[in-house]
Amino acid sequence: MKWDDTLVAHHAFASHFPQALQHVASMYADLPPWKIVAKRAGKTDEKGAWDPEKLSDEDLWYYNGLDVVFTKRTWSAMQPDLDSERAIYEADKGLSMLCRRMQERGFHVDSTRMTVLRKELQGRQNYWRGAISKHAGREVNPKKLEQIRSVLFGKLKAPVLFRSEKTGAPSSNNETLQAIALMGTRAGEFAKALLKWRSAWKLQSTYVDGIKVEGDGRVHPSWRAWGTVTGRFSCRAPNLMNLRRGDSIRSMYSAGPGRILVCMDAEQLEMRIAAYLSEDEVF
């Protein structure tokens, strides 16, 4: 079966540009911003979010039809630019099929370890929430920004280092907290505890509760051969390539029954390839 992919092709000769259909199409054809116009089904607070379930059948058909027509127009217009990199494109198509098989296969999740990790992270959150309230002198919900600002900048008199661009309110983001934590004050101890709580909450919400384990006991992340400028693979939903070394979250992923995991790492591989291709002796 012969098949082609507009974004894989575009990556072969223009990997430094965004690999999104609306961007690529705008470079090769005078088209309306159909992605922005169509993706407005229902009310949502999430920027750029849309839910195809909230579109009528006619709206969804229209949106899909535009995708098909504009993809074809873009594909035809980009052929002269692709010609010089046709061999790279064909190789990348093979990698795309490999990524598809990796997604279909998935990665085994140890459900028992997942449960243990969830309890451990909840315990960490409870501990640091207690520390937050202790330093504040009253009960504080770390998810409530107004409570955090009231204690940090009101009661504890922490300096206002940054402000929100939208509201002008004092910022309590992690960058601000890290700076305040170095001050050796009561506000600094409050900031340290809040950072610890946020770290545990982020790990649980994103890397434990935030992943979808299918009925086969595995996650099926989306792998892309065109997701980076250099051509290395990228991964999302969940991003298994972003798990930190030594992090307990890694222990949640294991080999399936009767199999083992083999780990390897090519240190600075992209830099070494660049040095080889450039033939620069010092590099």
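We count residues from 1, following the sequence as given.
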Chemist: When the ring planes of Y89 and W75 are compared, do they come out parallel, tilted or perpendicular, using 30° and 60° as the limits?
Modeler: tilted
Chemist: Angle between ring planes, F70 versus W34, binned at 30° and 60°: parallel, tilted or perpendicular?
Modeler: perpendicular
Chemist: Identify the two heavy atoms, one from L82 and one from F13, that lie closest to each other, and give their separation to 0.1 Å.
Modeler: CA-CD2, 3.8 Å
Chemist: Parallel, tilted or perpendicular, judged at 30° and 60°: which one describes the rings of H10 and F17?
Modeler: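 It falls in the tilted class, 30° to 60°.
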Chemist: With heavy-atom distances below 4.5 Å as the criterion, would you say the side chains of L177 and F190 are in contact?
Modeler: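 Of all side-chain heavy-atom pairs linking F190 with L177, none is under 4.5 Å.
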Chemist: Mind checking the NE2-CG spacing from H23 to L21? Nearest 0.5 Å is all I need.
Modeler: 11.0 Å
Chemist: Would you check if M252 and V109 make a side-chain contact, meaning some heavy-atom pair closer than 4.5 Å?
Modeler: yes
Chemist: Measure the spacing between OG of S150 and CZ of R138 and express it to the nearest 0.5 Å.
Modeler: 5.0 Å
Chemist: More than 12 heavy atoms of other residues, nucleotides or ligands under 6.0 Å from CE of M271: is that the case?
Modeler: no
Chemist: Side-chain heavy atoms under 4.5 angstrom apart, residues restricted to Ile, Leu, Val, Met, Phe, Trp, Tyr: same cluster for V208 and I211?
Modeler: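 Same cluster.
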Chemist: If every non-hydrogen atom of I180 is compared with every non-hydrogen atom of A158, which pair is closest and at what distance?
Modeler: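 Where I180 meets A158 most closely, the heavy atoms are CD1-CB, 4.0 Å.
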Chemist: Same cluster or not: are M78 and I88 linked, directly or through other Ile, Leu, Val, Met, Phe, Trp or Tyr residues, by side-chain heavy atoms under 4.5 angstrom apart?
Modeler: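 Different hydrophobic clusters.
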Chemist: Is R218 reaching over with its side chain to a backbone N or O of V213, donor-acceptor style, under 3.5 angstrom?
Modeler: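 Judged by distance alone, no pair lies under 3.5 Å.
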Chemist: Start with the C-alpha gap between K93 and E90, add the side-chain angles, then the distance that decides, and say whether salt bridge (charged side-chain N to carboxylate O under 4.0 Å, His left out) holds.
Modeler: CA-CA 5 Å; K93 283 171 62 177; E90 292 299 330; 3.6 Å; yes
Chemist: Could you check if a side-chain atom of Y62 sits within less than 4.5 angstrom of a side-chain atom of S56, using non-hydrogen atoms only?
Modeler: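 They are not in contact (no side-chain heavy atoms under 4.5 Å apart), so the answer is no.
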Chemist: Salt bridge check, K192 against E189: does any charged N sit closer than 4.0 Å to a carboxylate O?
Modeler: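 Yes, this pair counts.
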Chemist: Is there a side-chain contact between R86 and Q79, using heavy atoms and a 4.5 Å cut-off?
Modeler: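 Side chain of R86 against side chain of Q79, heavy atoms only: contact under 4.5 Å found.
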Chemist: Which heavy atom of A77 sits nearest a heavy atom of P80, and at what distance?
Modeler: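 Scanning both residues, the minimum pair turns out to be O-CD, 3.5 Å.
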Chemist: One pair to check against side chain to side chain donor-acceptor pair (under 3.5 Å): K72 and S76. What are the steps and the verdict?
Modeler: CA-CA 6 Å; K72 177 60 173 67; S76 298; 2.9 Å; yes
Chemist: Between CE of M241 and OG1 of T228, what distance do you get to the nearest 0.5 Å?
Modeler: 8.0 Å
Chemist: Taking all non-hydrogen atoms of both residues, which atom of R105 and which atom of H220 are closest, and how far apart?
Modeler: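 Taking every non-hydrogen atom into account, O-CE1, 3.6 Å.
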Chemist: So M102 and P221, do their side chains get closer than 4.5 Å, heavy atoms only?
Modeler: no
Chemist: Please say whether more than 12 non-hydrogen atoms of neighbouring residues, nucleotides or ligands are located less than 6.0 Å from CG in D30.
Modeler: no
Chemist: Would you say F162 and E175 make side-chain contact, with heavy atoms under 4.5 Å?
Modeler: yes
Chemist: So, do S171 and R163 sit near enough that their side-chain heavy atoms are less than 4.5 Å apart?
Modeler: no
Chemist: Would you kindly confirm whether L117 and L261 end up in one hydrophobic cluster when ILVMFWY residues are joined by side chain heavy atoms under 4.5 Å apart?
Modeler: yes
Chemist: Under 30°, 30 to 60°, or over 60°: which ring-plane class applies to W201 and W197, parallel, tilted or perpendicular?
Modeler: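 Rings of W201 and W197: parallel, as their planes differ by under 30°.
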Chemist: With a sphere of 6.0 Å drawn around CZ of R236, does it hold more than 12 non-hydrogen atoms of other residues, nucleotides or ligands?
Modeler: no
Chemist: Hydrophobic cluster membership, with links at side-chain heavy-atom distances under 4.5 Å among I/L/V/M/F/W/Y: are L7 and F233 in one?
Modeler: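 Cluster IDs for L7 and F233 differ.
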Chemist: Is atom CZ of R259 surrounded by more than 12 heavy atoms (other residues, nucleotides or ligands) closer than 6.0 Å?
Modeler: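 No.
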Chemist: Looking at CZ of F283 and CG of L277, how far apart are the two atoms once the value is rounded to the nearest 0.5 Å?
Modeler: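 Output value for this atom pair is 10.0 Å.
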Chemist: Is it the case that more than 12 heavy atoms not belonging to E104 sit under 6.0 Å from its CD atom?
Modeler: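 Yes, CD of E104 has more than 12 neighbouring heavy atoms, counting only those of other groups under 6.0 Å.
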